[in-house]
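Starting off with a structure, shown below.
None of these values were measured; they are calculated from a predicted model.
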Amino acid sequence: MINAQTDHSWWRQAVVYQIYPRSFADGNGDGIGDLRGVINRIDHLRKLGVDAVWLSPFYPSALADGGYDVDDYRDVDPLLGTLADFDELTARLHEIGLKMIIDLVPNHSSDRHVWFREALAAPKGSPARARYIFRDGLGPDGSEPPADWPSIFGGPAWEPVGDGQWYLHLFAKEQPDLNWDNPEVRADFLHTLRFWSDRGVDGFRVDVAHGLAKRLPVELPPWSELRTRTGAGQHPLWDRDEVHDIYAEWRAVFNEYTPPRTAVAEAWVDADRRPSYASAEGLGQAFNFDLLQSDYDAPSFRTVITENLELAARSGSSTTWVLSNHDVVRHPTRYGLPPLGAKDPDSVIAKHGADWLRSGGTEPKLDRELGLRRARAATLIELALPGSAYLYQGEELGLHEVAGIPADQRQDPAFFRSGGEQIGRDGCRVPLPWTATGSSYGFGSGPAHLPQPDWFAGLAVEVQDRDPDSTLALYRAALRLRRELQAEESLTWLDTGREDVLAFRRPNGWTCVSNFGSEPYPLTADEVLLSSSPLDGDELPGATTIWTRPA
């Protein structure tokens with residue numbers, strides 16, 4: 001494995017495993033995953049063969065947004081453990097050669113954060129309110145919102161506080177946006193970066209990295225004007241050029257450490273804006289979400305791969321590859337549904353599977369077997385590519401999205417704020433199955449905080465651990481081979497003679513060939529190292545990827 005303590009470029013081609021801690025493993029039986037649960041299951045990570053763990057928010061939180069509403073940036077939620085547990089987990093990961101990356105949520109705090117409580121208790125124009133974005137309401141008594149802006153989770157983006165002023169929350173009302181023009185805000189986050197870096201954290205995943213810098217005019221424009229505002233780097237709310245001044249300050253802190261700490265930006269921006277976030281003077285890496293929004297389609301995959309390798313070369317960073325995460329429908333399900341096609345230009349992220357979720361998982365019809373077959377094939381492409389691969393917990397089990405969660409058991413604020421129009425992300429956050437039996441399939445000693453379907457039993461870790469053809473076995477084999485075959489960060493496309501078959505060679509001679517179609521493709525005499533599905537003699541079946549090297 002990568003030696004995290006000596007290799008300064010460990011992140012460039014690392015495989016990072018995302019843990020959503022409340023749904024990974026429950027160590028104390030209260031139904032909620034916790035740090036002790038992660039510690040208890042650390043051998044799973046070792047056997048899987050990843051290089052790093054990305055820990056989604058574990059901070060004190062009322063869970064208005066699954067932990068992304070942070071009460072205290074420098075502590076652990078008591079439901080999840082203690083700082084001592086965090087230190088033990090970090091040390092244990094380092095002992096087996098794994099890195100620790102943690103989520104940082106700088107665009108907004110929670111409404112329970114000490115700063116926001118001070119702001120509500122303070123008068124208009126006070127220093128306490130200057131840490132957030134407050135505006136006077138419209139009308140003689142300020143009873144109307146300053147603007148008609150909607151929040152991303154549905155409902156209005158401005159919330160009244162009872163004295164004629166309103167605060168901005170681009171997400172849930174429990175997530176007030178911080179004012180990054182305030183030096184106190186900037187200084188406090190530098191303190192947070194050092195707090196966790198001093199505890200051994202190796203890197204940070206930066207939530208809503210494109211949203212920190214804002215420039216709101218005195219007279220706020222209507223949403224109809226704001227949503228069509230153009231001009232790269234000049235939108236009042238998103239992806240302003242000044243945001244990179246903030247990350248230059250962060251980079252100075254990262255470089256205080258040996259090896260330097262790194263970060264990856266969650267930045268939903270146009271592709272040509274991504275290199276600025278990934279530069280060596282900034283965060284160092286930025287998520288490429290293009291495959292999350294791509295159908296299982298050979299030309300689309302080739303375009304995404306080619307363009308993102310070019311973007312990475314521009315920034316001097318390595319690119320990132322993501323097929324699933326905590327915010328989207330799992331890729332076996334996406335690939336088992338009808339193609340998404342061209343995405344809505346007004347959508348921040350293509351909601352592939354949204355209609356299926358609204359139907360309770362009945363319409364359109366999901367081809368579960370085909371979806372998993374395609375997902376396994378796509379995963380071998382992802383792991384063959386130069387750059388970093390980010391895996392989401394449970395994808396190594398081939399888990400599908402869980403649909404049909406009763407409304408009274410849902411947790412995602414998007415579901416409630418949209419009146420059920422957005423089903424939300426609970427279906428990809430259902431706790432993992434570790435055993436084929438038990439009240440929560442081994443997740444904990446009692447029931448899980450989100451309902452698990454019966455079909456989880458057959459996909460449990462203990463079941464797949466005994467099956468050499470399981471998805472878990474495929475991931476373990478692929479990650480072991482990936483480490484052995486790793487090469488320089490480039491590839492060469494090979495001519496296959498078919499639009500629905502992609503092939504590329506890595507610099508040390510091994511090759512990835514993927515058949516996206518339904519008709520078999522003839523194989524060469526090369527040695528097959530790994531296949532996502534069983535081969536058919538000397539032909540590559542549809543929805544199958546192989547890794548080969550010269551015989």
Side-chain angles (χ1 to χ4, degrees), residues 1-2 13-18 41-53 96-98 291 321-324 330-332 335 369 371-400 432-434 458-487 491 502-506 508-516 523-524 526-551:
M1 291 188 177
I2 292 170
Q13 299 202 72
V15 176
V16 182
Y17 184 90
Q18 180 189 359
R41 296 291 185 179
I42 204 165
D43 198 50
H44 176 72
L45 304 172
R46 181 190 62 79
K47 291 195 292 185
L48 187 59
V50 297
D51 299 307
V53 165
I96 61 172
L98 271 64
L291 289 180
W321 309 107
V322 187
L323 294 173
S324 283
R330 288 183 176 275
H331 65 286
Y335 294 156
E369 183 178 346
L372 178 58
R373 184 182 179 96
R374 288 173 168 175
R376 289 164 57 109
T379 294
L380 284 199
I381 296 174
E382 175 191 27
L383 294 177
L385 292 169
S388 297
Y390 283 77
L391 311 180
Y392 178 53
Q393 64 177 45
E395 71 170 81
E396 75 275 21
L397 305 179
L399 295 185
H400 276 276
L432 299 188
W434 295 92
L459 297 177
V461 173
E462 72 168 7
V463 174
Q464 298 201 38
D465 200 36
R466 300 190 295 265
D467 181 2
D469 297 321
S470 68
T471 300
L472 177 59
L474 176 69
Y475 270 72
R476 287 173 175 170
L479 291 174
R480 182 181 65 255
L481 273 170
R482 186 181 193 272
R483 186 169 293 107
E484 295 174 5
L485 298 169
Q486 198 56 270
L491 59 76
L502 294 185
F504 58 84
R505 180 177 294 122
R506 295 296 302 276
N508 56 355
W510 68 288
T511 300
C512 176
V513 185
S514 189
N515 183 357
F516 285 76
L523 294 173
T524 66
D526 285 354
E527 176 190 5
V528 175
L529 301 174
L530 188 64
S531 177
S532 64
S533 294
L535 300 180
D536 184 11
D538 59 356
E539 292 184 316
L540 180 66
T544 303
T545 299
I546 57 172
W547 293 358
T548 70
R549 64 184 171 194

Measure the spacing between CD1 of I546 and OG of S533 and express it to the nearest 0.5 Å. 11.5 Å

Any chance you could measure L472, atom CG, to D467, atom CG, to the nearest 0.5 Å?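 Spacing of CG (L472) from CG (D467) equals 9.5 Å.
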
With a 6.0 Å cut-off (strictly less than), is the heavy-atom count around CD of E539, excluding the residue itself, greater than 12?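 Yes.
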
With a 4.5 Å limit on heavy-atom distance, are the side chains of T548 and L529 in contact?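 They are not in contact (no side-chain heavy atoms under 4.5 Å apart), so the answer is no.
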
Work out which heavy atom in V513 is nearest to a heavy atom in A503; give both atom names and the distance. CG2-CB, 4.0 Å

Please check this pair: side chain of T544 against backbone of G542, looking for a donor-acceptor N/O pair closer than 3.5 Å.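 Yes, the answer is positive, given that a donor and an acceptor are paired below the 3.5 Å cut-off.
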
Can you tell if the side chain of F504 reaches within under 4.5 Å of the side chain of L385, non-hydrogen atoms only?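 In short, these two side chains touch, coming nearer than 4.5 Å.
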
Can you tell me how far apart CG (L485) and CG (L383) are? Round to the nearest 0.5 Å.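 It is 11.5 Å, given to the nearest 0.5 Å.
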
Tell me whether D526 is salt-bridged to R505, with the criterion being a basic N under 4.0 Å from an acidic carboxylate O.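 No, no charged N to carboxylate O under 4.0 Å.
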
Shortest non-hydrogen separation from L291 to Y335 and the atoms involved: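 So the two residues come closest at O-OH, 4.4 Å.
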
Over all atoms of both residues, closest heavy-atom pair of T471 and E395: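 Looking at all heavy atoms of both residues, the shortest contact is CG2-O, 3.9 Å.
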
Compare all side-chain heavy atoms of W547 with those of R506 and state whether any distance is below 4.5 angstrom.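 No, their side chains stay 4.5 Å or more apart.
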
Rounded to the nearest 0.5 Å, what separation is found between the OG1 atom of T545 and the CZ atom of F516?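 Result: 6.5 Å between the selected atoms.
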
Tell me if a side-chain donor or acceptor on Q18 pairs with a main-chain N or O of L391 at a distance below 3.5 Å. no

S470 side chain to A473 main-chain N or O, any donor-acceptor pair under 3.5 Å? yes

Side chains of K47 and D465, heavy atoms from C-beta outward: is any pair under 4.5 Å?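 Yes, close enough: below the 4.5 Å cut-off.
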
What's the separation between atom CZ in R482 and atom CH2 in W510, rounded to the nearest 0.5 Å?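 It comes to 7.5 Å.
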
Modelled atom types, side-chain donor and acceptor of T511 and R549, under 3.5 Å: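 T511 vs R549: no donor-acceptor pair found between side chains.
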
Applying side-chain contact (heavy atoms from CB on, under 4.5 Å), run through R483 and D51 and close with a yes or a no. CA-CA 10 Å; R483 186 169 293 107; D51 299 307; 3.0 Å; yes

If I take atom CZ from residue R476 and atom CG from residue L48, how far apart are they, to the nearest 0.5 angstrom?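 One gets 7.0 Å once the value is rounded to the nearest 0.5 Å.
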
Checking side-chain contact (heavy atoms from CB on, under 4.5 Å) for the pair N508/Q486: CA distance, chi angles, key distance, verdict? CA-CA 8 Å; N508 56 355; Q486 198 56 270; over 6 Å; no

Are C512 and L380 packed together at the side-chain level, in the sense that at least one heavy-atom pair is separated by less than 4.5 angstrom?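 Heavy-atom side-chain distance check fails, nothing below 4.5 Å.
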
With no hydrogens and no angle check, is any side-chain donor or acceptor of W321 less than 3.5 Å from a backbone partner on A384? no

N515 side-chain N/O to L540 backbone N/O, donor-acceptor pair under 3.5 Å: yes

Taking all non-hydrogen atoms of both residues into account, name the closest pair between Q464 and E396 and its distance. OE1-O, 4.1 Å

Below 4.5 Å, heavy atoms only, C-beta onward: do P332 and R373 meet side chain to side chain?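 No, their side chains stay 4.5 Å or more apart.
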
Heavy atoms, side chains only, cut-off 4.5 Å: are W434 and E462 in contact?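 No, too far: nothing below the 4.5 Å cut-off.
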
Determine the minimum heavy-atom distance between L523 and G537, stating which atoms define it. CD1-O, 4.2 Å

Do R46 side-chain atoms and L98 backbone N/O form a donor-acceptor pair below 3.5 Å? no

Would you name the heavy atoms of S324 and Y392 that are closest together and state the gap between them? O-CB, 3.4 Å

For a 4.5 angstrom cut-off between non-hydrogen side-chain atoms, does V16 reach V50? no

